[in-house]
Structure formats: C-alpha cells, structure tokens
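Throughout, numbering of the chain's residues begins at 1 and tracks the sequence. No hydrogens, no waters, no symmetry mates; every other heavy atom, side chains included, goes into these values.
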Amino acid sequence: MRIDIMTLFPDVVGDMLCESILGRGQERGFIRIECHQIRDFTKNKQRQVDDYPYGGGRGCVMLAQPLYDCWKHICDEAGERVHTISLSPCGTVFRQEDARRLQKEYDRLILVCGRYEGIDERFIEECVDEEISIGDYVLTGGEIPAMVLADAVCRLVPGVLPDEECFTDESHWNGLLEYPQYTRPEVWNNRNVPEVLLSGHHEKISNWRREQSLERTRIRRPDMFNMHDGTL
C-alpha cells in the first residue's frame with residue numbers, strides 16, 4: 001500500500017507517520033507514505049497557493065492549478081490515475097468500514113489536504129473521487145484528517161501489525177465498542193481487576209468480554225447498538 005499526501009506542511013505530516021507502528025511498517029516495506037509540497041507546483045515567485053473567493057466572503061480559497069499539477073505529477077509517476085480523496089468537512093463521515101474498503105480495493109491512494117476556506121471546486125470535480133470527513137466539526141486544515149485516514153488504513157495492511165487479531169478484536173471492527181482492558185497490578189487505587197480475567201477459563205472470559213462489549217456499546221453508542229444483531 002502506498003499513500004501520497006498533498007499538503008502545505010509535508011515535514012509535519014511525514015514525521016508523524018514515520019513513527020511507531022507505521023514507521024516500522026515502512027521500514028519493512030509493507031507500506032509507503034510520501035508527502036508532496038503543493039507550493040513546489042506553483043508558477044510564481046511568491047509560491048502562491050490561494051486567492052480571494054469569487055462572490056466575496058472572508059478568507060481565501062486554494063487555487064486549482066498547483067493542486068492539479070501536484071496531483072498530475074503523482075499520477076504520472078504511478079503511470080495511471082490514482083484514487084484520490086479530499087479531506088473535507090463536506091465529505092461523508094469516515095468509519096472503520098471505509099478503512100477496510102480502501103485497504104482492500106486500492107494499492108495506492110492520494111490524500112488532498114485542504115486549507116483556508118477550502119479548495120476550488122473545479123479541482124474537486126476534475127480530480128477527486130471521494131470526499132471524506134473525520135467528524136462533524138471543522139479543523140484548520142486537512143492534515144490531521146489525512147493522518148487519521150492514513151493510520152486507520154495502513155494498520156490494516158498485512159504485515160504492519162503482527163497478527164490480524166490486533167485489529168479484528170478492537171472497537172468498530174464488528175460494529176461494537178471494545179470491552180474494557182486491564183493489566184498489572186491486580187489491585188490499583190483499591191480497584192480490582194475483574195475476577196473472571198484471572199480465572200484462566202477462556203470460555204468464561206470470552207463470554208464476559210462479549211457481554212461487556214455489548215453493554216458498553218448500548219450505553220455509549222446506542223446508534224451502533226440499535227444497528228447490531230446482538231452477536232460478536
């Protein structure tokens with residue numbers, strides 16, 4: 001899996017995605033993440049990437065041309081049109097099923113990080129295949145959403161995590177929230193680890209975790225619980 005990120009802050013994004021699990025995944029060749037500076041594709045000395053919006057209003061809008069030239073450079077390098085995602089509060093809300101879909105269907109992705117008041121719509125119409133939001137709120141730019149999406153997708157690539165169970169047993173994989181987790185010591189601040197987890201009885205532990213997962217989802221995310229059939 002390769003992900004190309006178009007951004008005005010490639011060093012910040014690149015450094016973050018080269019750490020920990022994703023960093024090791026890149027070192028081992030399972031994934032590759034490349035950041036591209038949009039300003040490198042501008043055509044004036046000021047390296048201008050934005051201008052005032054037609055129709056008036058506050059702020060500026062990202063220019064279509066440098067975005068297009070950056071996007072075309074990546075596609076030309078790939079030898080084909082690459083599935084392109086714009087990170088935008090106007091997009092569909094990103095969910096675990098989207099991470100699974102993107103990892104399964106594509107070997108390469110382009111993520112476009114917007115800034116200011118957004119991106120010239122003509123670039124979106126010309127080059128973007130889907131718009132994705134990470135939630136119903138607005139950030140100062142698309143870099144954090146791009147890192148969220150890249151992390152969620154790349155950790156599903158075979159080899160990045162040591163075992164498939166590392167992600168199939170987590171929140172959202174099966175439409176539920178994950179059960180509570182505990183580690184040593186057995187007693188901390190007068191709080192005990194549930195006895196069932198110390199029993200060594202695998203079937204009882206499995207049943208307890210299933211019940212806890214269902215109950216946690218029912219309380220915290222009734223929207224998810226109501227869509228679930230009650231099984232794991």
Side-chain angles (χ1 to χ4, degrees), residues 1-7 13-14 16-17 20-26 28-36 67 71 74-75 77-114 119 123-139 141-178 213 217 220-232:
M1 163 70 75
R2 170 164 171 165
I3 296 182
D4 293 89
I5 302 177
M6 296 169 48
T7 173
V13 176
M16 182 64 185
L17 294 176
S20 187
I21 291 172
L22 297 192
R24 292 193 293 273
Q26 293 195 70
R28 296 168 183 167
F30 296 116
I31 56 175
R32 181 177 174 186
I33 302 172
E34 294 287 341
C35 294
H36 304 265
L67 287 166
W71 175 84
I74 298 170
C75 292
E77 180 185 69
E80 61 182 354
R81 181 186 174 104
V82 179
H83 188 78
T84 303
I85 299 170
S86 175
L87 287 309
S88 166
C90 295
T92 57
V93 177
F94 185 64
R95 301 192 182 281
Q96 183 67 31
E97 62 193 48
D98 295 305
R100 296 166 70 173
R101 169 179 60 85
L102 293 171
Q103 185 275 318
K104 182 178 180 180
E105 295 183 4
Y106 302 101
D107 293 325
R108 188 165 182 170
L109 297 171
I110 295 175
L111 307 183
V112 184
C113 302
I119 292 173
F123 170 79
I124 296 173
E125 293 171 352
E126 179 78 14
C127 305
V128 172
D129 298 298
E130 58 180 310
E131 294 182 79
I132 287 179
S133 166
I134 62 167
D136 295 334
Y137 46 86
V138 178
L139 302 173
E143 282 74 20
I144 291 175
M147 289 189 282
V148 167
L149 189 149
D151 190 305
V153 172
C154 285
R155 69 193 302 274
L156 302 181
V157 174
V160 173
L161 294 177
D163 191 275
E164 189 178 90
E165 189 176 328
C166 292
F167 52 78
T168 59
D169 203 29
E170 293 181 327
S171 292
H172 303 290
W173 184 262
N174 56 16
L176 295 173
L177 301 181
E178 189 177 9
S213 182
T217 306
R220 300 185 183 183
R221 291 295 301 273
D223 56 320
M224 291 172 56
F225 183 81
N226 290 336
M227 295 176 62
H228 201 271
D229 62 6
T231 63
L232 287 175

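- No side-chain heavy atom of Ile85 sits less than 4.5 Å from a side-chain heavy atom of Val112.
- Closest of all the heavy-atom pairs between Met1 and Cys154 is CG-SG, 4.4 Å.
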### Audit row: Cys113, Ile5, side-chain contact (heavy atoms from CB on, under 4.5 Å) steps and yes/no
CA-CA 7 Å; Cys113 302; Ile5 302 177; 3.7 Å; yes
### Query
Going through the distances and angles, do Ile134 and Leu139 end up as a side-chain contact (heavy atoms from CB on, under 4.5 Å)?
CA-CA 10 Å; Ile134 62 167; Leu139 302 173; 4.2 Å; yes
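- Shown here for Pro89 and Tyr137, the closest heavy-atom pair between the two residues is CB-O, 4.0 Å.
- The CD atom of Gln26 sits 4.5 Å away from atom CD1 of Ile33, with the distance rounded to the nearest 0.5 Å.
- The two residues Ala99 and Ala152 come nearest to each other via the heavy atoms CB-O, 3.9 Å.
- Taking every heavy atom of both residues into account, Val82 and Asp129 meet most closely at O-OD2, 3.7 Å.
- Using a 4.0 Å cut-off between a side-chain N of Lys or Arg and a carboxylate O of Asp or Glu, Arg2 and Asp4 qualify as a salt bridge.
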### Query
Where do His83 and Glu105 land on the side-chain hydrogen bond (donor to acceptor under 3.5 Å, both in side chains) test, with the steps shown first?
CA-CA 10 Å; His83 188 78; Glu105 295 183 4; over 6 Å; no
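- One finds the CD1 atom of Ile124 at 8.0 Å from the SG atom of Cys90 (value rounded to the nearest 0.5 Å).
- Taking CZ from Arg81 and SG from Cys75, the interatomic distance works out to 7.0 Å, rounded to the nearest 0.5 Å.
- Rounding to the nearest 0.5 Å places CG of Asp107 at 12.0 Å from CG of Leu102.
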### Task
Test side-chain contact (heavy atoms from CB on, under 4.5 Å) on Ile3 and Ile31 and set out the steps.
CA-CA 8 Å; Ile3 296 182; Ile31 56 175; over 6 Å; no
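- Residue Arg221 comes nearest to Leu177 through the heavy atom pair CG-CD1, 3.9 Å, listed as atom of the first residue, atom of the second, then distance.
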### Message
Please evaluate residues Glu131 and Thr92 with respect to the criterion side-chain contact (heavy atoms from CB on, under 4.5 Å), reporting the C-alpha separation (whole Å), side-chain torsions for both, the decisive distance (0.1 Å), and the verdict.
### Response
CA-CA 6 Å; Glu131 294 182 79; Thr92 57; over 6 Å; no
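- Side-chain contact check for Arg100 versus Leu156: some heavy-atom pair is nearer than 4.5 Å.
- A distance of 4.0 Å separates OG1 of Thr217 from CG of Leu176, quoted to the nearest 0.5 Å.
- Between Met6 and Leu67 the shortest heavy-atom distance is CE-O, 3.2 Å.
- Under 4.0 Å is where a charged nitrogen must lie from a carboxylate oxygen, and between Glu34 and Arg108 no such pair does.
- Around CG of Asp136, the count of heavy atoms belonging to other residues, nucleotides or ligands within 6.0 Å does not exceed 12.
- In this structure, CD1 on Ile119 lies 7.5 Å from OG on Ser88, to the nearest 0.5 angstrom.
- Salt bridge annotation for Arg95-Asp98: absent, with no cationic side-chain nitrogen under 4.0 angstrom from a carboxylate oxygen.
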### Task
May I have the step-by-step check of salt bridge (Lys or Arg N to Asp or Glu O under 4.0 Å) for Arg101 and Glu130, ending in yes or no?
CA-CA 13 Å; Arg101 169 179 60 85; Glu130 58 180 310; 3.0 Å; yes
